[in-house]
Chemist: 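Sending over a structure as structure tokens; questions will come in a sec.
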Amino acid sequence: MLITRRAAAEGLILFGAVAFTLYMTLCAHAQDLQPLRNAMATKFNRVVQAFVQSVALFALWSGDGAIRGAEAQYLLGLGTGDITGPVVETNMMGYASLAQTDTGLHMRQRSRAFIVADASNPSSRILFINSDIAMGDTGIRRSIVSAVSAKYPGLYDNSNIALVGTHQHSGVGGYLENLLPQLTALGYVKETADAIVQGTVLAVERAHSSLAPGKLSLGNTTVLNANINRSPSAYLANPAAERAQYQYDQDKDMTLLRFDDANGNSRGFLNFFAVHGTSLYENNTLVSTDNKGMAAYLYESMVEPNSMPGNATFVAGFVQSNVGDTSPNTLGAFCESPGKPWDGQPCEVEHSTCGNKTQDCHGRGPGFQISCFESNRIIGNAQFEGAKTIMNGGRVPVSGPVKSVHAYMNMSFRSFNLPDGTKAQTCPPAMGYSFAGGTTDGPGAFDFIQGDNSSHPQNPFWEIVKNAVTSPAPPEQVACQQPKPILLNTGYTHTPYEWQPNTVDVQMLRVGQFVMLIMPGELTTMSGRRMRNALRNALIAQKVIGNDAYVVIAGPANTYGHYVATKEEYGVQRYEGASTLFGQYTLDAYIDRYTQLVPYLAPTATGTPSSDAAPAEQTSKAMSLRTGVVLDNTPIGKKFGQISTDVSKTPYKAGQKVAASFVGACPRNNLRLEGTFMTVDQQINGGWKTVRTDSHDSTIFEWKRDNLVLGYSTSTLSWTIEDGTPAGTYRLTYYGDWKNGLGGKITAFTSSSSSFTVA
Ligand SMILES: *[C@@H]1O[C@H](CO)[C@@H](O)[C@H](O)[C@H]1NC(C)=O
Ligand SMILES: *[C@@H]1O[C@H](CO)[C@@H](O)[C@H](O)[C@H]1NC(C)=O
Ligand SMILES: *[C@@H]1O[C@H](CO)[C@@H](O)[C@H](O)[C@H]1NC(C)=O
Ligand SMILES: *[C@@H]1O[C@H](CO)[C@@H](O)[C@H](O)[C@H]1NC(C)=O
Ligand SMILES: *[C@@H]1O[C@H](CO)[C@@H](O)[C@H](O)[C@H]1NC(C)=O
Ligand SMILES: *[C@@H]1O[C@H](CO)[C@@H](O)[C@H](O)[C@H]1NC(C)=O
């Protein structure tokens with residue numbers, strides 16, 4: 001039911017008039033009801049008072065901008081940009097699998113930018129970038145900060161820009177600045193990095209040019225069916241008394257910050273929920289966005305069904321939170337060991353093994369019997385439904401100042417005091433043996449397993465290999481990293497350039513009572529709870545915010561500092577503990593440092609905190625073994641875009657897949673950012689109208705090099721026809737770009753399949 005403000009105000013006036021008439025009637029005709037009348041009069045005076053207040057409030061609410069300005073405390077801007085890198089011939093990011101090279105596109109990756117400025121002091125502002133990438137990165141962030149601060153001097157800077165990755169594992173890789181995550185991509189992939197920077201800057205420009213007065217509100221709900229703990233045996237190492245404070249071994253709470261215009265119409269939201277972006281498995285080779293991007297697509301296309309993906313003005317930001325030990329593979333982990341007695345059995349719990357090896361142990365998503373794409377849709381949908389509940393349900397208004405604070409934190413042998421006064425220190429980065437064991441979302445290789453905290457000599461082969469790969473760990477590093485057995489001593493390995501960051505970004509953004517802890521890594525469930533509780537307590541104790549202080553975690557953001565397990569989980573050394581780079585006190589050091597920065601979020605705070613040196617730039621030293629596109633060519637007698645396999649003449653029905661193949665060219669020649677490699681067109685009044693692009697979840701664009709030397713290739717377009725698709729005539733259209741081997745000129749071409757009917 002829609003009640004406009006005017007109608008509501010009119011209703012109130014009418015209600016007042018009727019009540020007053022009734023009262024007068026009582027007064028005139030009921031002399032003998034004096035006591036009742038007196039009581040009524042008192043009551044009525046209160047009603048009249050409330051009535052007058054309500055009318056005044058409605059007048060303010062519906063009044064002109066001058067009055068409304070007081071309510072619309074913020075200036076809000078939202079925008080989206082396409083960041084999809086090369087969708088073929090490129091290693092994908094997340095599983096660190098050399099074999100996972102992309103072969104096409106399922107859904108485009110986007111950056112979504114959210115700006116909040118204080119309307120009374122617009123230079124106080126924050127820029128939150130939620131990006132469909134596996135994790136934030138120092139090099140990418142440096143480029144974005146430099147481009148955006150140059151374009152809008154004095155408004156956006158290193159302190160108020162946060163780059164948060166959705167932690168999806170189906171995106172294009174090779175963009176990170178440090179060496180370790182580049183290894184499987186055969187080095188740095190400039191095409192990927194450039195696409196992320198270009199699309200993100202566009203998202204920011206769009207957000208900035210959409211700045212308008214608005215309001216924020218905050219709510220939460222519980223989402224039970226979208227995550228499980230993938231390292232429950234490590235979680236159990238946390239103190240029983242602490243665990244007893246929580247119902248689940250995962251955070252099931254979803255928080256949402258709603259952005260409204262000055263009239264109360266929603267423009268978008270930031271949604272915080274912890275679940276790994278590993279619905280799509282390691283054997284998927286189509287570039288996509290995993291469950292967070294799916295949730296955003298579902299929300300944006302619900303609000304604006306006629307907009308193409310990425311082109312809606314409503315911006316749905318599904319942000320990653322304390323993701324460390326979460327999994328979207330909610331059915332649990334099972335052995336895929338054909339022919340073995342344990343095939344189909346749950347994996348061994350402590351080490352996630354099948355027959356003592358990790359390779360066969362795989363987490364299952366809710367749609368596993370159909371496909372991982374179905375699981376992805378289900379987990380995306382669960383988050384979409386949660387967001388809808390909060391958008392349509394009870395929320396509290398957000399009010400108060402807009403603040404940000406940022407510092408660099410050098411983690412190498414950093415000493416600090418624990419809350420009980422004892423001294424602790426963090427260490428230069430190192431990865432434990434169990435890191436190579438992988439997880440049930442993406443198992444490791446060789447004979448590595450999770451939960452290996454033993455100090456006895458490891459496999460002698462690896463004892464030799466590890467010292468050939470990274471520098472041997474000196475005794476102080478071995479002691480510092482205890483009880484982690486070190487596999488890769490990355491903190492001491494500086495050639496050809498830094499393998500992992502020594503220095504991370506520490507950052508907090510505040511809007512009113514809402515504080516976002518921007519974290520340079522993946523906190524486990526319990527780490528996230530400790531972090532949030534400590535910071536909320538500090539904010540309240542230092543009277544920076546009142547008891548309504550509301551704290552969330554966003555990450556992995558800015559710099560990829562891998563995992564953050566609690567000290568107790570670190571002791572168990574499952575994957576998350578083994579990947580906690582800076583030793584067992586990593587979390588405590590973050591709590592200590594973030595807490596020190598709390599005063600900078602006070603309403604009247606000025607200045608910047610002391611900071612360690614920024615990490616040295618690595619990108620200029622980046623190596624790449626990647627080759628460019630040499631040439632495209634067509635078999636003799638064929639031309640680019642010529643149909644190889646056409647659609648069927650038999651009418652199609654909903655649920656069926658329609659496909660066509662064309663003589664193709666390498667899609668790396670033109671990423672077609674903000675564009676598309678394919679469309680589904682519907683015939684309307686003799687013309688063709690685009691109804692789907694390559695970014696709809698129902699379409700897939702694939703490309704295959706048939707002959708590398710001669711440059712032949714094939715592009716295949718497909719569309720799984722959705723329920724409710726209008727009957728009619730359709731076609732598939734391919735948008736390609738071919739490269740001339742002589743001179744390198746790139747030429748665009750377009751070609752359509754025959755038309756087909758949907759009955
Ligand atoms: C959800 O919101 C309510 C009301 O603001 C608050 O009391 C509660 O702590 C919130 N839940 C979480 C998990 O933050
Ligand atoms: C992909 O991996 C999953 C998990 O191991 C497996 O169940 C599925 O069959 C694999 N799909 C293909 C096409 O190999
Ligand atoms: C995106 O929206 C703008 C206007 O809002 C429109 O001009 C443009 O054609 C749209 N692009 C696509 C691909 O639909
Ligand atoms: C796994 O290891 C245990 C202990 O070393 C051993 O008893 C068992 O036989 C092994 N199982 C397999 C299938 O190798
Ligand atoms: C970080 O701290 C370590 C130990 O104090 C020091 O050796 C190193 O130079 C510092 N790194 C940077 C980038 O400042
Ligand atoms: C190693 O892990 C086991 C559980 O898997 C635990 O009982 C033991 O205390 C851990 N060792 C250390 C040194 O933390």
Side-chain angles (χ1 to χ4, degrees), residues 138 178 216-224 245-248 250-258 271-274 321-322 335 337 339-343 345 347-348 350-361 386 389-390 393-399 407-416 425-429 447 449 451-452 454 456 459 474 476-477 480 491-492 494 497-498 500-505 512-517 525 528-529 531-533 535-537 539-540 545-553 559 581-583 589 593 610-618:
T138 321
N178 291 106
L216 297 169
S217 56
L218 183 61
N220 62 34
T221 193
T222 305
V223 177
L224 291 179
Q245 295 168 32
Y246 303 96
Q247 192 176 354
Y248 301 103
Q250 286 282 273
D251 281 343
K252 307 286 185 185
D253 315 289
M254 169 180 277
T255 295
L256 184 143
L257 181 70
R258 172 170 158 157
N271 174 297
F272 301 81
F273 183 75
S321 194
N322 44 328
C335 296
S337 315
K340 295 282 166 47
W342 52 83
D343 185 33
Q345 301 292 311
C347 310
E348 184 274 334
E350 278 184 23
H351 307 289
S352 296
T353 50
C354 299
N356 295 341
K357 297 233 180 284
T358 58
Q359 279 90 325
D360 294 347
C361 174
T389 301
I390 309 173
R395 292 179 314 280
V396 294
V398 169
S399 65
Y408 292 108
M409 183 173 177
N410 180 349
M411 302 298 280
S412 288
F413 298 119
R414 178 184 195 89
S415 315
F416 65 101
Q425 70 171 357
T426 55
C427 332
D447 59 352
I449 58 167
D452 187 350
S454 51
H456 62 76
N459 172 328
E476 64 271 24
Q477 168 75 328
C480 187
Y492 288 75
H494 310 291
Y497 39 94
E498 299 300 325
Q500 290 194 309
N502 256 300
T503 299
V504 298
D505 296 74
Q513 73 270 38
F514 189 60
V515 173
M516 294 169 270
L517 309 177
T525 301
R529 290 167 177 170
M531 185 83 198
R532 286 196 306 259
N533 292 343
L535 269 294
R536 184 169 182 275
N537 291 341
L539 286 158
I540 295 171
I545 304 184
N547 282 323
D548 59 347
Y550 197 115
V551 178
V552 293
I553 284 166
T559 290
L581 299 187
F582 308 112
R593 186 68 184 125
S610 66
S611 172
D612 294 335
E617 183 271 344
Q618 306 290 311

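It should be emphasised that the depicted structure is a prediction, and the values quoted were computed from it without experimental measurement. Counting starts at 1 for both ligands and their atoms, in listed order.
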Chemist: Considering non-hydrogen atoms only, spot the tightest contact between Ser611 and Tyr408 and give its length.
Modeler: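 Nearest heavy atoms, Ser611 then Tyr408: OG-N, 2.9 Å.
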Chemist: Any protein heavy atom at under 4.0 Å, with atom 7 (O) of ligand 4 as the reference point?
Modeler: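 Given the 4.0 Å limit, the answer for atom 7 (O) of ligand 4 is no, no protein heavy atom qualifies.
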Chemist: Can you tell me which residue among Thr426, Asn502, Thr503 is in a side chain to side chain donor-acceptor pair (under 3.5 Å) with Ser412?
Modeler: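 Running side chain to side chain donor-acceptor pair (under 3.5 Å) over Thr426, Asn502, Thr503 with Ser412 returns exactly one hit, Asn502.
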Chemist: Does atom 2 (O) of ligand 5 have any protein heavy atom closer than 4.0 Å?
Modeler: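 Given the 4.0 Å limit, the answer for atom 2 (O) of ligand 5 is yes, a protein heavy atom qualifies.
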Chemist: May I ask you to check whether Tyr550 has an N/O atom sitting below 3.5 Å from an N/O atom of ligand 1?
Modeler: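 Between Tyr550 and ligand 1, an N or O pair is found under 3.5 Å apart.
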Chemist: Could you check atom 10 (C) of ligand 1 against the protein and tell me its nearest heavy-atom contact, residue, atom and distance included?
Modeler: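 Going by distance alone, atom 10 (C) of ligand 1 is nearest to Asn220 ND2, 2.4 Å.
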Chemist: Which ligand 4 atoms does Trp342 reach within 4.0 Å, using its non-hydrogen atoms?
Modeler: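 Heavy-atom distances to Trp342 below 4.0 Å select 13 (C).
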Chemist: Closer than 4.0 angstrom, basic N to acidic O: yes or no for Asp251 and Arg532?
Modeler: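 Yes, Asp251 and Arg532 are salt-bridged.
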Chemist: Measure the distance from the SG of Cys361 to the SG of Cys335 and say whether it is below 2.5 Å.
Modeler: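 No, because the SG atoms of Cys361 and Cys335 are not under 2.5 Å apart, which misses the disulfide cut-off.
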Chemist: Is there a ring pair (Phe, Tyr, Trp, His ring centres under 6.0 Å) between Phe272 and Phe514 once you walk through the steps?
Modeler: CA-CA 12 Å; Phe272 301 81; Phe514 189 60; 5.8 Å; yes
Chemist: Measure the distance from atom 13 (C) of ligand 1 to every protein heavy atom, then report the residue, atom name and distance (to 0.1 Å) of the closest one.
Modeler: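 The closest one turns out to be Asp253 CG, 3.5 Å.
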Chemist: Tell me: protein heavy atom nearest atom 9 (O) of ligand 4, and distance?
Modeler: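 For atom 9 (O) of ligand 4, the nearest protein heavy atom comes out as Asn356 ND2, 4.7 Å.
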Chemist: What's the shortest heavy-atom distance between Gln500 and Pro429, and which atoms?
Modeler: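 What the structure gives for the nearest pair is OE1-CB, 3.8 Å.
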Chemist: Looking at Lys340 and Asp360, is there a salt bridge between them, counting it only when a charged N and a carboxylate O are closer than 4.0 Å?
Modeler: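 Lys340 and Asp360: not salt-bridged.
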Chemist: Number the atoms of ligand 5 from 1 as they appear, then name those within less than 4.0 Å of a heavy atom of Asn410, with their elements.
Modeler: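 Per the distance check, 1 (C), 2 (O), 3 (C), 8 (C), 10 (C), 11 (N), 12 (C), 14 (O).
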Chemist: Starting from atom 4 (C) of ligand 5, which protein heavy atom do you reach first, and at what distance in Å?
Modeler: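 Residue, atom and distance for the closest contact: Ser412 O, 3.7 Å.
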